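Take a look at the structure below.
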Amino acid sequence: MLKLTLKDLKLFWGDRRAVLLSFFLPIFLITLFSLAFGAQNREDAKPMRLPVADMDNSVESQNILLAIDSLKNIEVEPTTLDSAQYLVKKGKRTALLVFHSGFADSLGSGKMPSLELQFDKSNAMEVAMLQQALMASIMKIIGNKLAMQKEMDKIDAQFAALDSMARVAIKMQIAKSFSDTDESKPIMKMTELVAPAEANVGLIQAVAGTAVMMLLFSVAAVGGGLLEEKEFGTLKKLLYSPINPNQILYSKMLTAMIISVFQLAIMFLYTSFMFNLNLMQNLPALILMIFFTAFAVSGFGIFLAAVARTRAQVQSLSSVIILTMSALGGSMIPTFIMPAFMQKISVISVNYWSIQGFYDIYWRQLPVTDFVFLSRLLVLFLMGVALITISGYLFRKNILKVS
Amino acid sequence: MLTVNNLVKNYESNWALNGISFSINKGEFFGLLGPNGAGKTTAIGIISGIIAANDGEVELNGINPKSNSNEFKKMIGVVPQEIALYERMSALENLMFWGSLYNLSKSDLLNRANDLLNLFGLYDRRNDKIKDYSGGMKRRINIASALLHTPQVLFMDEPTVGIDPQSRNNIFEVIQKLHSEGMTIVYTTHYMEEAEKFCNRIAIIDCGNIKAQGTLSELRTNSGIKENIVLKFAEPITALNKKLSDTFGAAALIEEQSIKIPSDDVKADLTNVVVKITALGLQPSAIEIEKVNLETIFLKLTGKQLRD
């Protein structure tokens with residue numbers, strides 16, 4: 001099997017076009033996407049689920065919750081602070097809203113309200129959209145009105161002895177003070193709950209998204225090599241020799257996996273060199289994710305070859321499937337800006353699990369032993385195993401049928 | 001040495017092999033002769049263990065390819081009809097790769113590869129990529145790649161199709177050398193002259209059946225044909241193909257300016273032939289009596305010309 005693999009690697013390196021496609025094109029795209037994500041305009045409001053920890057439990061906080069919940073595309077999830085933070089740290093939610101004790105009092109006194117948005121900066125675009133929706137649509141308007149009304153009520157209660165003209169004058173002064181409120185003054189404290197050290201989300205999106213998509217193209221080409229062997233008669237000749245036919249299939253997969261590992265490693269090294277991504281931040285997790293991603297995409301490569309009957313079919317099938325998986329899985333655009341139903345579908349894509357895994361490493365900073373991270377590895381492994389099993393069956397049924 | 005017993009193979013409703021049997025002795029040069037689609041390649045595929053037969057048995061030195069596939073495959077070498085080489089690898093790299101599948105040591109393999117490159121006259125171009133080779137040179141490497149492990153039986157499926165005379169002569173020389181050294185060879189071909197030149201015994205196969213087998217002499221005797229009456233003409237006669245066939249039967253071999261009519265009694269048939277040809281308005285420029293060849297036998301047994 002090693003001999004077959006070495007032969008395939010030799011053929012791969014001899015194919016300048018394949019090498020160019022595997023290494024230089026992704027580097028070019030990573031550069032392009034990194035620059036593009038860095039200058040991204042983040043204005044579009046998008047749907048999301050927002051866990052809320054209401055520790056004040058006041059009428060004011062409840063009113064605001066109702067107002068937020070009524071916003072289109074924001075779904076409030078009342079929960080405890082610990083649960084909400086857990087969801088964000090594990091990457092299941094982007095942010096959480098905390099009404100601290102004394103929120104209603106601070107609102108009434110005109111001080112900065114005890115309201116805090118804790119967020120995962122890896123989804124910066126989504127956080128920005130959420131912040132804008134909360135502050136512009138709810139906090140600024142409702143918050144000021146509630147506070148002003150409360151002050152007005154206090155005037156009537158505290159200064160009942162004054163004549164009505166005097167009370168009106170005071171109320172006008174209060175209204176003026178509210179209208180003079182500096183709009184740029186933060187109403188809500190913003191706290192990074194998951195705070196990456198050096199890099200930015202666009203960079204991770206660019207390197208992970210692009211690298212996985214390009215890997216799929218590379219492995220599809222390697223898988224297509226199986227059909228090339230059939231078309232050129234070398235597969236038949238291999239069958240004449242004393243090797244197990246399955247070795248032919250698995251050697252292709254091993255070839256695809258070796259190329260994938262190198263390709264991913266080079267992509268990350270390039271990103272580290274050019275864009276200061278700290279590879280040493282969690283090297284074991286990175287190595288594991290590279291290997292499991294390579295395993296899953298290699299399974300995909302031989303699956304394509306086993307499904308198709310000719311190389312031309314592989315080319316057309318791979319273009320359609322890879323672009324679809326990449327679009328769904330977040331290689332082209334982050335999954336969180338997709339409609340909810342597409343986000344649900346995205347889990348069928350290898351890209352999704354791999355990209356989320358790289359997010360876990362560099363943005364959520366999960367340790368290598370974290371359940372969420374390990375579960376992503378497990379899903380990639382199972383995807384690879386399923387694809388290999390189906391491919392093995394189809395290989396024996398279709399490709400080994402020599403006439 | 002090699003025994004093939006009642007091989008049957010059908011693809012859906014088409015019978016590729018309909019119960020063929022033959023046996024080959026050690027050191028024999030055995031020809032499998034048949035037109036396209038006769039079942040030659042299917043027979044080699046089954047014998048070499050890459051196609052499953054519906055019925056029948058194959059045994060080489062007591063080893064069955066179904067029960068001991070790897071041992072069986074180590075004893076055989078197969079030169080496929082198509083040129084099955086890696087175009088982007090050099091000739092030497094190709095030979096080293098194909099030989100490595102038989103677990104030869106690297107030094108032995110390199111020596112063997114260099115010997116074969118010398119034998120096929122390609123040593124000086126051993127480092128050239130296969131894609132830069134001519135068709136004939138590729139054919140030579142294609143054969144060499146089946147010889148690296150020195151097989152006991154070499155199957156050659158149409159090894160000289162579409163190549164230049166220089167390569168063909170080289171291949172003939174190599175084949176004769178291998179045979180003289182004791183290698184058993186199973187050879188399929190379209191070319192009668194190749195079969196006549198090399199084969200100790202020949203099996204004529206058509207539509208999945210073996211029509212006849214034996215030495216050339218046995219085939220001649222069994223066919224009942226002793227000689228050909230050859231009529232030659234100064235002008236082309238192909239315009240009269242149908243009339244000639246109707247008159248002399250399907251066994252007559254009609255060419256541009258000649259017709260060969262098989263006969264088991266030339267003295268009795270010659271006058272009759274001349275009368276018939278004259279009746280068709282043709283005047284032969286020469287009449288020859290030719291000893292029967294394989295092509296005539298094939299034509300009589302199958303009703304087809306081999307190169308159809």
Side-chain angles (χ1 to χ4, degrees), chain A residues 1-22 218 221-222 224-252 254-255 259 309-311 393 395-403, chain B residues 9-12 14 16 37 39 41-42 44-52 65 68-90 93-94 96-104 106 109 129-131 138 142-143 145-146 148-149 151 154-155 157:
Chain A
M1 196 156 116
L2 194 62
K3 290 162 192 163
L4 294 174
T5 302
L6 286 172
K7 177 266 298 175
D8 283 333
L9 285 172
K10 192 176 279 183
L11 288 174
F12 172 79
W13 289 117
D15 185 349
R16 286 179 191 167
R17 193 179 297 173
V19 173
L20 203 70
L21 200 71
S22 301
S218 301
V222 175
L226 198 59
L227 292 162
E228 185 178 307
E229 299 245 25
K230 184 168 187 177
E231 285 169 27
F232 290 170
T234 46
L235 178 70
K236 197 166 160 184
K237 195 164 165 176
L238 286 170
L239 295 173
Y240 287 130
S241 64
I243 56 170
N244 184 325
N246 284 334
Q247 287 183 316
I248 300 170
L249 179 73
Y250 297 134
S251 68
K252 287 286 176 209
L254 187 59
T255 304
I259 291 171
R309 298 293 174 99
T310 63
R311 275 186 302 154
Y393 170 75
F395 179 71
R396 285 187 292 276
K397 184 172 177 279
N398 298 334
I399 298 179
L400 284 185
K401 201 183 273 180
V402 180
S403 58
Chain B
K9 177 68 185 175
N10 64 331
Y11 294 109
E12 295 172 356
N14 298 321
T41 303
T42 302
I44 289 185
I46 293 172
I47 296 166
S48 56
I50 69 163
I51 298 175
N68 200 344
S69 172
N70 280 2
E71 279 309 304
F72 187 92
K73 286 177 176 177
K74 281 178 189 171
M75 293 192 291
I76 65 166
V78 182
V79 181
Q81 195 169 343
E82 61 272 32
I83 295 168
L85 299 168
Y86 295 105
E87 295 261 318
R88 296 197 300 271
M89 284 162 65
S90 71
E93 285 172 335
N94 262 284
M96 293 299 284
F97 167 68
W98 290 110
S100 71
L101 301 177
Y102 294 85
N103 291 325
L104 302 175
K106 199 173 177 184
L109 182 54
K129 298 250 187 295
I130 292 294
K131 66 183 167 69
K138 287 178 186 176
N142 204 36
I143 297 170
S145 64
L148 289 151
H149 59 295
L154 179 67
F155 292 89
D157 193 2

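In the text below, chain A, chain B and the rest are named by the order of the sequence lines, each starting its count at 1. Computed from a predicted structure; not experimentally measured.
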Between [X] and chain B, which part of the residue has a heavy atom less than 4.5 Å away: side chain, backbone, both or neither?
| X | value |
| --- | --- |
| A:Tyr240 | both |
| A:Leu6 | neither |
| A:Lys3 | both |

[atom1]-[atom2] distance between [X] and [Y], expressed to the nearest 0.5 angstrom:
| X | Y | atom1 | atom2 | value |
| --- | --- | --- | --- | --- |
| A:Phe395 | A:Leu235 | CZ | CG | 5.5 Å |
| A:Ser241 | A:Leu239 | OG | CG | 7.5 Å |
| B:Asn10 | B:Thr42 | CG | OG1 | 11.0 Å |
| A:Lys7 | A:Thr234 | NZ | OG1 | 6.5 Å |

Open item on the list: Below 4.5 Å, heavy-atom pairs only: which of B:Pro80, B:Ser100, B:Gly77 has the largest tally toward chain A?
Closed with: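 Looking at each option in turn, the highest pair count goes to B:Ser100.
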
Task: Winner by heavy-atom pair count (cut-off under 4.5 Å) against chain A, out of B:Arg88, B:Glu82, B:Lys9 - done: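 Looking at each option in turn, the highest pair count goes to B:Arg88.
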
Could you tell me which portion of [X] (side chain, backbone, both or neither) has an atom closer than 4.5 angstrom to a non-hydrogen atom of chain A?
| X | value |
| --- | --- |
| B:Ile83 | backbone |
| B:Asn142 | both |
| B:Glu93 | side chain |

- [ ] Side-chain contact test, heavy atoms from C-beta onward, threshold under 4.5 Å: evaluate it for A:Leu4 versus A:Ile243 and give yes or no.
- [x]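 In short, these two side chains touch, coming nearer than 4.5 Å.
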
Task: Of all pairs that satisfy side-chain hydrogen bond (donor to acceptor under 3.5 Å, both in side chains), the ones with a partner from residues 70-80 of chain B, not counting sequence neighbours - done: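 Matches after skipping sequence neighbours: none remain.
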
